[in-house]
Amino acid sequence: MTPAGAIDFDGSSDQVARELIGMTLLVDGVGGVIVETEAYDREDPASHSHSGPTARNAAMFGPPGHAYVYRSYGIHWCLNFVCREAGHGAGVLIRALQPTHGLERMAQRRGLSDPRLLCAGPGRVGQALGITREHNGLPLDADPFGLLPATDALPVVAGPRIGISKAVDVPWRFGAAGSRFLSRPFRQAALTSM
DNA sequence: CCTGTGATCAGCT
DNA sequence: GCTGATCACAGGC
């Protein structure tokens, strides 16, 4: 079984986003437990893929189980996992990690040492893990990526996604219930599972 | 606690 | 031109 074999990226992005909570993401051995994700889909007006393939979002229309990296607000690098069948344009944004591996390296890159602030937000995750344009389109089951199965089944909460203006009512933000490493707390446990 | 603003770029109207 | 799947910092309450 490959490291990424523990999850089925051919599934829908909301299901993958939920299943990723509790798994460990590493880039060059640096990373932690995924505690917050958001799902996006081609039918979703808030998704980068909504208007079809472009030079930027090409990876989203490539094979599942690969990375889609984009520049946010001209400054931050954000990491997504491509889902569903190739050509569909679905993905999961990695929004927050609980740092477990390479804390020193992350602190160095981020210019802070507070574990709670190292990976609490998609831009922060990108900076802490050293994500750049170079990672766009790379497979998640090979170097430098590593994806390890969850050791414990964490209770998952869902709620509305953050920082978007369209499809605000779609509850496609998922998180580890009660985690102190979220980008923002979940207002209420609208949905729980596992 | 909260609100405002700058940084800086790809895509869209 | 303007907007946005963001963050850090400044200032006010």
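In what follows, every chain begins at residue 1, and chains take the letters A, B, ... in the order their sequences are listed.
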I'd like to know if the side chain of [X] and the backbone of [Y] have a donor-acceptor N/O pair within less than 3.5 Å.
X      : Y      : answer
A:D44  : A:A46  : yes
A:S13  : A:A39  : no
A:H66  : A:G137 : yes
A:R180 : A:R116 : no

Item to check | Distance (rounded to the nearest 0.5 Å) between A:I131 CD1 and A:L79 CG | outcome: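 The CG atom of A:L79 is 4.5 Å from CD1 of A:I131, to the nearest 0.5 Å.
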Item to check | Approximate separation, where rounding is to 0.5 Å, of A:Y40 OH and A:C83 SG | outcome: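 SG of A:C83 is found 13.0 Å from OH of A:Y40.
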Checklist outcome for this item: Writing each nucleotide of DNA chain C 5' to 3' as (, ), [, ], | or . by Watson-Crick or G-U pairing under 3.5 Å yields ||||.|||||||.
Can you sort out the partners of [X] under side chain to side chain donor-acceptor pair (under 3.5 Å), two or more places apart, ordered by chain and number?
X      : value
A:D41  : A:R84, A:H88
A:E134 : none
A:S47  : A:S49

Next on the checklist: Counting only side-chain nitrogens and oxygens, does A:S165 get under 4.0 Å of the OP1 or OP2 atom of C:dG4?
Outcome noted: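 For A:S165, the contact criterion (side-chain N or O under 4.0 Å from OP1 or OP2 of C:dG4) is met.
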Checklist entry - Expressed as a whole number of Å, how far does the P atom of B:dT5 sit from that of C:dC13? => result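 About 15 Å, rounded to a whole number of Å.
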Checklist entry - With rounding to whole Å, what would you report as the distance between B:dT13 and C:dA5 at their P atoms? => result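 It works out to 13 Å between them.
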Checklist entry - CD of A:E38 versus P of C:dG4: gap in Å, rounded? => result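 Checked: the CD to P distance equals 15 Å.
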Next on the checklist: In this structure, how many angstroms lie between the P atom of C:dT6 and the CH2 atom of A:W77, rounded?
Outcome noted: 16 Å
Checklist entry - At under 4.0 Å between heavy atoms, what does A:L93 touch on the DNA or RNA strands: base, sugar-phosphate, or nothing? => result base
All N/O contacts under 3.5 Å from nucleotides 10-12 of chain B to the protein, with atom names and distances to one decimal?
| residue | atom | partner | partner atom | Å |
| --- | --- | --- | --- | --- |
| B:dG11 | OP1 | A:R56 | N | 2.7 |

Item to check | Qualifying ring pair (Phe, Tyr, Trp, His ring centres under 6.0 Å) pairs, either residue in residues 105-144 of chain A, two or more places apart | outcome: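 Output for this query lists A:H135-A:F145.
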Short N/O separations, protein against nucleotides 7-9 of chain C, under 3.5 angstrom:
| residue | atom | partner | partner atom | Å |
| --- | --- | --- | --- | --- |
| C:dC7 | OP1 | A:P122 | N | 3.1 |
| C:dC7 | OP1 | A:G123 | N | 3.2 |
| C:dC7 | O4' | A:H76 | NE2 | 2.9 |
| C:dA8 | OP1 | A:R110 | NH1 | 2.9 |
| C:dA8 | OP1 | A:R110 | NH2 | 2.9 |
| C:dA8 | OP2 | A:R124 | NE | 2.7 |
| C:dA8 | OP2 | A:R124 | NH2 | 2.3 |

Checklist entry - Can A:V69 be reached from A:L25 by stepping across I, L, V, M, F, W or Y side chains whose heavy atoms are under 4.5 Å apart? => result yes
Checklist entry - So if you build clusters from Ile, Leu, Val, Met, Phe, Trp, Tyr with side-chain heavy-atom gaps below 4.5 Å, do A:L147 and A:Y68 land together? => result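 As far as the 4.5 Å side-chain criterion goes, A:Y68 and A:L147 are not connected within one cluster.
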Next on the checklist: Quick one, A:F174 and A:D14 - any side-chain contact, counting heavy atoms below 4.5 Å?
Outcome noted: yes
Checklist entry - Listed in order of residue number, which residues of residues 78-91 of chain A have a non-hydrogen atom at under 4.0 Å from DNA chain C? => result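 Correct list: A:N80.
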Name each donor-acceptor pair under 3.5 Å that joins a side chain in residues 91-107 of chain A to protein atoms two or more places apart or in another chain, with its distance.
| residue | atom | partner | partner atom | Å |
| --- | --- | --- | --- | --- |
| A:R95 | NE | A:E36 | OE2 | 2.7 |
| A:R95 | NH2 | A:S183 | OG | 3.1 |
| A:R105 | NH1 | A:Q108 | OE1 | 2.8 |

Anything under 3.5 Å between a donor and an acceptor, one on a side chain of residues 53-64 of chain A, the other on a protein residue two or more places apart or in another chain? List them.
| residue | atom | partner | partner atom | Å |
| --- | --- | --- | --- | --- |
| A:T54 | OG1 | A:R56 | N | 3.4 |
| A:T54 | OG1 | A:N57 | N | 3.3 |
| A:T54 | OG1 | A:N57 | OD1 | 3.3 |
| A:T54 | OG1 | A:N57 | ND2 | 3.4 |
| A:N57 | OD1 | A:T54 | N | 2.6 |
| A:N57 | ND2 | A:H48 | O | 3.1 |
| A:N57 | ND2 | A:G52 | O | 3.0 |

At a cut-off of 3.5 Å, list every protein nitrogen or oxygen paired with a nitrogen or oxygen from nucleotides 1-5 of chain B, distance to 0.1 Å.
none

Checklist entry - Using the rule for Phe, Tyr, His and the six-membered ring of Trp, do A:Y40 and C:dA5 stack at under 5.5 Å and under 30°? => result yes
Let me check something: any side-chain donor-acceptor pairs from residues 120-129 of chain A under 3.5 Å, sequence neighbours excluded? List them with distances.
| residue | atom | partner | partner atom | Å |
| --- | --- | --- | --- | --- |
| A:R124 | NH1 | A:A120 | O | 2.8 |
| A:Q127 | OE1 | A:R110 | NH1 | 2.8 |
| A:Q127 | NE2 | A:R109 | O | 3.2 |

